[in-house]
Amino acid sequence: MIRAMSNNASIPALTADDHLILVDGSTFIFRAYHALPPLTRKPDGLPIGAVSGFCNMLWKLLQEGLTPEKGDEPTHFAVIFDHSSKTFRSDIYPEYKAQRPPPPEDLIPQFGLIREATKAFSVHSVEQEGFEADDLIATYAVQAAKMGARVTIVSGDKDLLQLIGPNVGMIDTMKNKIFGEPEVFEKFGVGPDKVIEVQSLAGDSVDNVPGVPGIGLKTAALLINEYGDLETLLSRAGEIKQNKRRENLIEFAEQARISKQLVTLKQDVPVDVPVTDLSVTDLNGPKAVGFLKAMGLTTLTKRVAETTGAEAANIEADDFQVPGWHIPDHKGRMVEHAAPAAALSADSTAPGAEPLPNGMMVPQTVATARAHAAASAPIDASDYETVTTLEQLKSWIAEAYEVGYVAFDTETTSLDAMQADLVGLSLCSKVGKACYVPLAHVDGEGDLLGGGGLVEGQIPMAEALAALKPMLEDRGVLKIAQNLKYDWLVMTRHGIDISPADDTMLLSYTLDAGKGGNGMDELSERWLGHKPIPFKEICGSGKSMITFDRVPIDKASAYAAEDADVTLRLWQVLKPRLASERMATVYEKLERPMVPVLARMEKRGISVDRQMLSRLSGDFAQGMAGLEDEIYQLAGERFNIGSPKQLGDILFGKMNLPGGKKTKTGAWSTSASVLDDLAVEGHELPSRIVSWRQLSKLKSTYSDALPGRIHPDTKRVHTSYSLAATTTGRLSSSEPNLQNIPVRTEEGRKIRQAFVAATGHKLISADYSQIELRVLAHMADIPQLKKAFEDGLDIHAMTASEMFGVPIEGMDPMIRRQAKAINFGIIYGISAFGLANQLGIGRGEASAYIKTYFERFPGIKDYMEAIKKDVHANGYVSTIFGRKAHYPEVNTKNPNMRAFYERAAINAPIQGSAADILRRAMVRMEDRLDASKLDAQMLLQVHDELIFEVPGSQVDATISLVREVMEKACEPVLQLSVPLQVDARAADNWDEAH
DNA sequence: TCTTGCCCTTA
DNA sequence: GTAAGGGCAAGAT
């Protein structure tokens, strides 16, 4: 589509006085869509968020160019769009950009509207068959620069940075960031002329450019700086010292050359519209106003009308009946109109863009303006302050009261909150203005004898905390932390209960679970484009690592104040998204209230019997020694039994046993399933190995390791729960992991017996029975399953009966076992391959079982298909309480990966809804126990189980209350269509209670 | 000394 | 077939 306003014949070339602005249209649409809150046209809900952002950006650029100063306005201007997915690059490399998800549903109608917008603003828009927008931009930019004109590319796409030069600049309007040669160097470690060399080595996962394995940006820049360019490097690859690197460069040389072709922009596209034709034409005021009115963009309508002298009141809104969107007919019924081909064709070409913070568009709300400020104000330390007097501290506290919120971060001596001593803390209420309050820094020079004395110029800890406590506990000041649970635990040990509070890690997790990590450094790079000072740079790592109290105060201050500043900025970027993406309830009901609940559980810890574990270690060692003798005998030599490599060589090399499988790296697999198969064949050695491994695992991971986790003061074991580690909403437990304590085998349960109640107390274990199958029955709406749970039937027996037509009474246990495996398979997103593996049957037989199952329970099949459709369309799936699990790669062309993500997406709502239910129970539990005057304490959570410690006299009352809270956890907002059943028991140790 | 692969523990 | 964390051996640095 071309919009040439002028006549070819008499077009003068561009000169040094000209300024050409090239807008990367497709990328802009995606980024505006993600960065801006969803905005819809009043009468019919037509989504126009991206259109609005686009119009505002166009208007600003046309009026001002890049700066408000006169003379910066463009003389030439064009918006460049992608045309179709088929380009010369997909011919070279079919996987190129192949994993891109389709655009969100409410973005699709906006593609067409944005093309309309270019017309309304009398702006040239260019797209050309077979070429990406980037190639057209490259061609125009090079042509204009040759004529001496100034060129500005408006894009956030790093692939365009190779075009930067004396006459060519780039601006990312979404981030308000200008790119010149220094920025390119910062990003790629080389100048613009070498960018493609680096890219062809490092590859790009976003565009599926393969590059060379094991080489990232850093290494690529290093190599290019040494060798000059890709070809020289490849021809001299043999000189590389590092073995792996050399081999990869040689092996993947061709792949690197293909990558180079992919990333090299075509600068000689035979353009249909010559660059000289792109001159700016006068804005037709009434035309623009008509369009803007139709979109319902009142602010911009007014502004354009004022500037152009158009009389807005007299101009009729354009008549936009946009096909492809639900528009009410004359009776108000929603009617779906077919989407126009143009709108849909855009979908396959439009790059999937990460959501980015709002840029320079007119803000829709104050919140997005704040987000913009947070993301775009450069981070520098000049407004960071080290607080050394109480007066100074009080003025920072006053500012927190005044502003109403404060980012807060503690610095301590340990990553383990239970062992961490407070060293200092940082505050920040205004972006860019942060402070560090050192409290316990010691002289780092001296070792054990000298030094270790408190450094001068620090406020006494007690005085500082006394001054801070009222503010940290004040309802009127919102505290903002990254990983709040940690700071909450540190402060509660100083008698301060932080409240109310937000956690940026949980905000990110709520909004973006599955899209990547939620740690501060990662979030800062993702949202602020800023890499915070690494902890390693301050404290070092490994053996030479020092504790934070030994860091010089000036260094500590720069690091800590930056953390508070970054935390505040992240909060300003993420918090507004909660409302606009309708995730506020999930955050407020399922995430934030978990912080103090888990913190208290961690603080309480659980008692383990050290002697018992020590005895077990001895027993295990003895058992292992006996097995080792037999193993060496059978093998005919001594070797490291713990080495899968050595074991594989013995079994499949030396002894030449059959049935050897290979791992993905080509080594012999010695997994338990392989060894079991060999044992069944009657081979002695494999069965001994399996037994040895079992004991070895129990000893090293549990009986040896757990005593080392007993806290010196509390004498109990304190795990750490992560609220933001899983995609589905489950918790995870680490250091030590108390969610994988053995239970399956007799020997293993002895470990569990070492988890004991305090004197005079009992442990209560309360677990949901079959919660995931119940959730599935509810969500997929399966009558037979619901009925079976209603009637309290054995669900696996019922499944077997339904599938194989056998009566439940007197059922063959093997039949039931198969049905049970199928039920689990369903929850895991079943595949014939997996089921066959699990049951040790053929793939065909497994397929037949699955087919039968789907015939008997057609609702399950429907449910699975619906989920798959959902995840492919949206990139995420949701639990019954609205939690989202994202699968950004689900549209990959790789069939295995695709199937994997589909299974994960099928499982996520089931596993995640169950996790939500237990979270709801946990959030309520403490208040309910208090209200009933019960002293029971919640100690552990293991996905569908809660462990309590309770005085012996209150066991019965506690069990019935716990059961009630857990069984009614969905209420009142949701009435599950199946009953939840909780089994609970009390005993002196965890094994017997379970 | 740090990272990766393998194997094993749980729900 | 889903979701996690951790110990050890071996290889890369």
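Note that the structure is a prediction, hence the values are computed from the model and not measured. Here is the naming used below: chain letters follow the sequence lines, and residue numbers restart at 1 for every chain.
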- Query: Nucleotide by nucleotide, 5' to 3', does protein get under 4.0 Å of the base (B), only the sugar-phosphate (S), or neither (-) in nucleotides 6-11 of chain C, counting heavy atoms?
  - Reply: BSSSSS

- Where along residues 613-625 of chain A does a heavy atom come under 4.0 Å from DNA chain C, residue by residue in number order? none

- Quick one: list whatever passes side-chain contact (heavy atoms from CB on, under 4.5 Å) with Pro742(A), sequence neighbours left out. Leu698(A), Tyr702(A), Ile751(A)

List, one per line, each side-chain donor-acceptor pair under 3.5 Å for residues 831-844 of chain A, sequence neighbours excluded.
unit_1: Ser831(A); atom_1: OG; unit_2: Gly834(A); atom_2: N; d: 3.0

- Query: Are Asp794(A) and Arg816(A) close enough for a salt bridge, meaning some N to O gap below 4.0 Å?
  - Reply: yes

- Task: Kindly write out the residues that satisfy salt bridge (charged side-chain N to carboxylate O under 4.0 Å, His left out) with Glu865(A), not counting sequence neighbours, or none if the list is empty.
- Result: Lys861(A), Lys868(A)

- Message: I need the residues from residues 851-867 of chain A with at least one non-hydrogen atom less than 4.0 Å from DNA chain C; give them sorted by number, or say none.
- Response: none

- Looking at Met655(A) and Leu685(A), what are the two nearest heavy atoms and their distance? SD-CD2, 3.4 Å

- Message: Going by the rule side chain to side chain donor-acceptor pair (under 3.5 Å), which residues pair with Thr547(A) if we only count those two or more places apart in sequence or in a different chain?
- Response: Asp549(A)

- Item | Check ion pair Glu967(A)-Arg774(A) (N to O, under 4.0 angstrom) | no

- Apply salt bridge (charged side-chain N to carboxylate O under 4.0 Å, His left out) to Lys645(A) and list each qualifying residue two or more places apart in sequence or on a separate chain. none

- Where along residues 907-922 of chain A does a heavy atom fall under 4.0 Å from DNA chain B? none

- Item | Results of salt bridge (charged side-chain N to carboxylate O under 4.0 Å, His left out) for Lys485(A) - residues two or more places apart only | Glu602(A)

- salt bridge (charged side-chain N to carboxylate O under 4.0 Å, His left out) involving Lys851(A) - partner list, sequence neighbours excluded: Glu855(A)

- Message: Checking Asp870(A) now: which residues fulfil side-chain contact (heavy atoms from CB on, under 4.5 Å) with it, not counting sequence neighbours?
- Response: Asn874(A)

